[in-house]
Structure formats: C-alpha cells, structure tokens
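See structure below.
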Amino acid sequence: MLLADLVACSAAVASKSSRRVKVDLLAGLLGAAGPGDAGLAACYLAGVLPQGRVGVGWASLRDVRVDPAPSPDLTLAGVAAAIEGIAGVSGAGAEAERRERTAALLAAATSAEQDFLASLLLGDVRHGALEALVTDALGVATGVPGDHLRRALMVGAGLDEVADAAVAGGASRVRRFRLRLFRPMRPMLASSAPDPGAALEATGAASVEHKVDGARIQVHRRGRRAAVYTRNLADVTGRMEEVAAPALAARASSLILDGEAVVLGDDGRPRPFQETAGRFGSAAGAAERLTPRFFDLVYLDGEDLTGRPLAERRRLLEGLLPAEALVPSVATSSPEEAAAFLGAALDAGQEGVVVKALDAPYRAGRRGSAWVKVKPVHTLDLVVLAAEWGYGRRTGWLSNLHLGARDPGGGFVMLGKTFKGLTDDMLRWQTERFLALEERRTRSTVHVHPEQVVEVAFDGVQASPRYPGGVTLRFARVRGYRDDKTAAEADTIDTVRAIHRGEIRPTVGG
DNA sequence: TTGGAATGCCC
DNA sequence: CTTGTGG
DNA sequence: CCACAAGGGGCATTCCAA
C-alpha cells in the first residue's frame, strides 16, 4: 500500500467532525490494505509506531529540511523499514545517524507525506481519530465485532497484531487473544470526584482504598519467574526486582497483581512523588527501595478473574498476600465512614482515596465510574505574568498562562504554567485581556503587566529545579478569573512555601 | 571530563 | 496527570 | 459516556560539545 493513500485518508478524516464518517473513511483504507499492510496501516492511522518512540523528537526534526519528492512512491513497508532502521541506531554518532536516516526518509516523501511522517515520528498525529476509532474502523472493514477487537487490545495485544489477525483470520483469530501470563494487560483506570459522597453515589457499596502516590505496577508470576510492568506495559523487571517479592512468596502457582510502587521513609510514610519517580526511572542498584502495595488480583492459578466482582478478587487477594503488601481498604457504603477513611489516609501521608464499586468486574483499559478517585485540592489567587499562543484548536488564542505568586518584598515569583480549566469563552476573553496588558513579546509568548488575578486549583507544591522560587504547582488548573482582586491582594510565595512544608491542608469537596 | 540538550516516560 | 468539547 | 486534544512538571538516560 502507498503511504500517499494513507495520508490522503488522514487528511479526509481530519476534515470531518462526525465520528461515523471518520470511521467509514478509516475503514475504507483498512479494507484496501492487504494482510501484510493492515497492521502498519492501523498503527499509522492511530498515530503510533509499532515499536513505540524511536528517538526522533521535535528538535531533531526541526533542522531536517529536505526537498519533497515529486511523486508519491513510498510504501507502508518502505516506511516501516526506514523507521526500523532509525530505531536501531545507538551509541556515539547516533544523533547524526538518526538525523541522516530521517532526512533520507523525508526526501522520499511528498510534501503532504513529509508532514504526516513528522507527526507520526513525534507521536503527534491529530486528525480526531486515534486508536479507538481505528479499532471501530477495523471492525467495519473486517466484520469482526468491535468488542472482540477491544478485548484483544485490553489484554495487551498490539494494534498491529490485532489488525493483522482480524484481516487474516477474522473473529476466530482475534478471539484467541486472551489474558495470559507475561503479556501485560492495560490497567483499569479511575474517574474522579470532589468528595467521597459523590464518589459513592457513582459506585454504590464500595471498597475505599488509599490512593498511594507512586507508580502503577503490574506483577506477573509463575513458579519462580516474575515480571513487573508499568502502566504503559513497559517491562521493568530488571529495574525493580524487589517489588515482585510478595508475588513470589504467595502460595499460588501463578498470578497477576495490580498495584502501586512507592518509596517509603523510615517512618513508613510515602516520600514525595519525585523520589519515587527517581527510583522508578533508574536502573537497578539505586540506594532507595521501592515498596509494592497491591490492590487487585486479576489472574490466579491459570484463571482469568477479570470478570469476577471486586469483592471476590479482593477476598482472594487478602488470602494470598500479607496485610503489609496490600493497599489499606475498608468496605462501606456510608459517606461518613468513607470521609473518615479519607481523613485517615491523608493523615498517613497518602494522596487521597479511590472508591471502587464492590460488584464491578475488572475493566482493563477503561476509565469508568466503577473506580472513582478523590483527592483534596489547594486553591490560590495568583497573578498572570505572561501567556503563550495556543496550537491546534487553540490557534489564535492566548492559552498557556505563566503564573506568579506575590513576593512580599516586591514583584512576583513564577511558579509554573497552566492551560487547563479554560473554556473557549475564557480563551477568547483572556486573549483580548492579555493583549491589552502586553508589555513585550517573543515569538511564542506575550508578557503582560502583572495585574490580572486568577484562581488556580492544584494538587500540591513540589520542589522545582527550574523555577526561581524553587517550588512549582502540581497539576495546576484555572478555576476562574478574580476580577474582584488586585495583584496586591494575590497570594504570596510565603503561602506557597507553607503549603510545601505541609503547614496548610488541602480541602475536600467544592 | 563535564554540563547541557534532547528524549521518553512517570505523574 | 486534568480539563473542556463534541459525537 | 467515550474519545480526543489541549498541554503541565520532574527525573534518568543518552549523546554532543566545550
């Protein structure tokens, strides 16, 4: 199949807003792909490379400028081979070599193909249809029911594998993808609610569990063999053997556990997330140890438990692991009891709680209302110091805000940026507002006179090696503009530091 | 040898 | 990771 | 409800250049 056909399809998809129309367009292309091309076509249309990222980023692409090819001769297989080559480069001279190979690939592409390949390499394809719609389209093109395809993806099959299986073998082949050991599955995700009462309304009778501020892990074990996977299914077994210990000690022939890995202090309290991230990201042999805390059991002694209710999975889990290897939990349908448990979790240094419906199955890869997280938030009134021009659907609007806290000694201290929480109306309003306050600008940023106050919500304050105050906000988002306040009334850097030291508690609800 | 830029991936 | 938009 | 797009901060690793 020619890349040009796929690129034309992408452009057509981008030009339509209806999901049904997008799916039909995608299905048309997938239907035209032969057995050898279906997997590649599905991946590329979904904006992903079968092998993941290959070491080509925005900066290296920026200075690769080659004349486009006059005619569209590239095939999907040719592109795949070229990308395979790029992915394989490492060692001294790798940057130049990757750049050279990238340039060679782009030189063989027409102008439209170059743009698409650049987005693909960056993992930044945006035509309003990614994996989910491509999966639907695959169903349309092959006649394989969508839930079979989705199920295969959830248990860890790659989109390329599923597409190839669907095209070559139809539904019966796709059904052969099952949850199995040492093939990581996609973890179940949680939605969120402002307080335990709202969460319980969504779930009904629930297991309320500590939300441990670490990194998600999935541990597979059979006999003496164990493996550890991340939320995105990367195999990190060699980096953290210690978190597999409870699985290896459990009395079972095989199992799959879901949980969180975190660095604990000597007092048993979780260390700041940055420490966990450091240990989680580093190779083995680091001084700090990761402690696993498990909250689910999805496979036991050869049996897939994902269809069983949480109550049963939790009971089996508690029979298998010692209490210290488990995330603390309480079963309740009382908002008061859940609120008290949340308070205790926060006192223990946890991030919040996750409220999980006791009767819900394990829905791999889904973010439904069966699991609901509750985290308290902080709020501050800060001052906008600058705003950056948006991209994509925010082109033409000032979007990303630079936030400053008032310095009692004079001036403002930048704490970070946010683009979240802004409606289209707010974007329109603030574009006009900040252009009126403009003091100077660069290509990307309009710096403004510091007088507009904005209410910002965030999860916490963390140390920053980048910002001048040495602190920054975690998950900052705009709550609204405060036209009733002047910059002189904005919150100070001292308050931010007090939050960082843990002297100011975040609030639940509202 | 070392500091910085780029990249990928955790939240 | 959070939020807003649109099908 | 689901999928997508808008982008945030930090850390470890890798490779380049001074």
Side-chain angles (χ1 to χ4, degrees), chain A residues 16-23 46-47 52-62 89-99 121-136 150 189-192 202 211-217 230-234 236 239 260-262 272-283 286 351 365-369 373 375 377 388 390-395 397 399-403 415-427 456-467 471-479:
Chain A
K16 302 294 182 182
S17 65
S18 158
R19 296 234 283 252
R20 275 192 17 249
V21 172
K22 285 177 191 279
V23 166
R53 301 294 310 275
V54 295
V56 176
W58 189 81
S60 57
L61 224 44
R62 180 188 43 202
V89 176
S90 70
E95 231 162 71
E97 172 75 15
R98 265 200 293 265
R99 213 162 293 197
L121 287 166
L122 293 173
D124 201 32
V125 170
R126 285 173 191 206
H127 50 208
L130 296 174
E131 189 191 85
L133 295 202
V134 171
T135 302
D136 285 352
R150 283 188 288 273
L189 305 172
S191 57
S192 59
K211 186 174 192 308
V212 178
D213 192 8
R216 191 82 176 261
I217 51 168
T230 68
R231 173 193 163 116
N232 291 315
L233 316 189
V236 290
R239 296 210 309 242
E260 199 84 10
V262 64
F273 175 75
Q274 284 161 298
E275 277 183 45
T276 291
R279 174 59 188 85
F280 194 83
S282 70
E351 200 187 2
R366 311 301 283 232
R367 186 191 301 279
S369 54
K373 58 185 145 190
K375 293 190 285 185
V377 299
E388 297 176 11
Y391 290 89
R393 74 182 298 282
R394 292 190 176 187
T395 298
W397 286 336
S399 174
N400 202 5
L401 306 175
H402 296 198
L403 304 171
L415 292 176
K417 310 177 188 179
T418 185
F419 59 91
K420 298 188 187 92
L422 300 163
T423 64
D424 288 0
D425 278 343
M426 291 164 82
L427 287 163
V456 173
F458 55 98
D459 283 17
V461 174
Q462 58 186 3
S464 171
R466 152 191 310 189
Y467 288 108
V471 286
T472 188
L473 309 182
R474 195 170 180 205
F475 307 139
R477 57 266 191 189
V478 171
R479 272 287 176 79

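Residue numbers begin at 1 in each chain, while the letters A, B, ... track the order of the sequences.
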For [X], answer base if it contacts any base atom (sugar-phosphate contacts may also be present), sugar-phosphate if it contacts only those atoms, and nothing otherwise; contact means non-hydrogen atoms under 4.0 Å.
X	answer
A/K373	sugar-phosphate
A/R62	sugar-phosphate
A/T418	nothing
A/F419	base
A/G91	sugar-phosphate
A/S17	sugar-phosphate
A/K375	sugar-phosphate
A/V478	nothing
A/S90	sugar-phosphate
A/V236	nothing
A/A283	sugar-phosphate
A/H402	nothing

Picking from [options], which would you name as closest to the side chain of [X]?
X	options	value
A/R126	C/dG7, D/dG10, D/dA6	D/dA6
A/S60	D/dA3, B/dC11, B/dT7	B/dT7
A/E388	D/dG10, D/dG8, B/dC11	D/dG8
A/Q462	D/dA3, D/dG10, D/dG7	D/dG10
A/R393	C/dT2, D/dC4, C/dT5	C/dT5
A/A59	D/dA3, D/dG8, B/dA6	B/dA6
A/S282	D/dT13, D/dA5, D/dG9	D/dT13
A/L133	C/dG6, D/dA3, D/dC15	D/dA3
A/Y391	B/dC11, D/dC4, D/dG7	D/dG7

task = Taking atom OH of A/Y391 as the centre, report whether more than 12 heavy atoms of other residues, nucleotides or ligands fall under 6.0 Å from it.
result =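 12 or below, so no.
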request  = Taking atom NZ of A/K16 as the centre, report whether more than 12 heavy atoms of other residues, nucleotides or ligands fall under 6.0 Å from it.
outcome  =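 No, NZ of A/K16 has 12 or fewer neighbouring heavy atoms, counting only those of other groups under 6.0 Å.
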Does OP1 or OP2 of [N] have a side-chain N or O of [X] closer than 4.0 Å?
X	N	value
A/R477	C/dT3	yes
A/N400	D/dG8	yes
A/R474	B/dC11	no
A/T276	B/dC10	no

Taking atom [atom2] of [N] as reference, at what distance in whole Å does atom [atom1] of [X] sit?
X	N	atom1	atom2	value
A/R367	D/dA3	CZ	C1'	11 Å
A/L130	C/dG7	CG	P	16 Å
A/K417	D/dG10	NZ	P	11 Å
A/L473	C/dT2	CG	P	15 Å
A/R394	D/dG7	CZ	P	7 Å
A/R98	B/dG8	CZ	C1'	11 Å
A/K22	C/dG6	NZ	P	13 Å
A/R216	B/dC9	CZ	P	18 Å

key: Side-chain ion pair, A/D124 and A/R126, N-O less than 4.0 Å   =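 Yes, A/D124 and A/R126 are salt-bridged.
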message = Strictly below 4.0 Å, N to O, side chains only: are A/R99 and A/E95 in salt-bridge contact?
response =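 So A/R99 pairs with A/E95 through a salt bridge.
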task = Map A/G390 and A/R19 onto DNA chain D by nearest heavy atom, then report which one ends up closer to the 5' terminus.
result =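 The residue closer to the strand's 5' end, by nearest nucleotide, is A/R19.
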Residue mapping more 5' on DNA chain D - nearest nucleotide basis, A/S369 or A/P465 =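 It is A/S369 whose nearest nucleotide is closer to the 5' end.
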If we only count heavy atoms from C-beta on, is the [X] to [Y] side-chain gap below 4.5 Å?
X	Y	answer
A/L473	A/V461	yes
A/R394	A/L422	yes
A/D424	A/R393	yes
A/E260	A/T276	no

inquiry  = Suppose you measure atom P in D/dA6 against the same atom in B/dC10; what distance do you get, rounded to whole Å?
reply    =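 The same atom, P, in both gives a distance of 23 Å.
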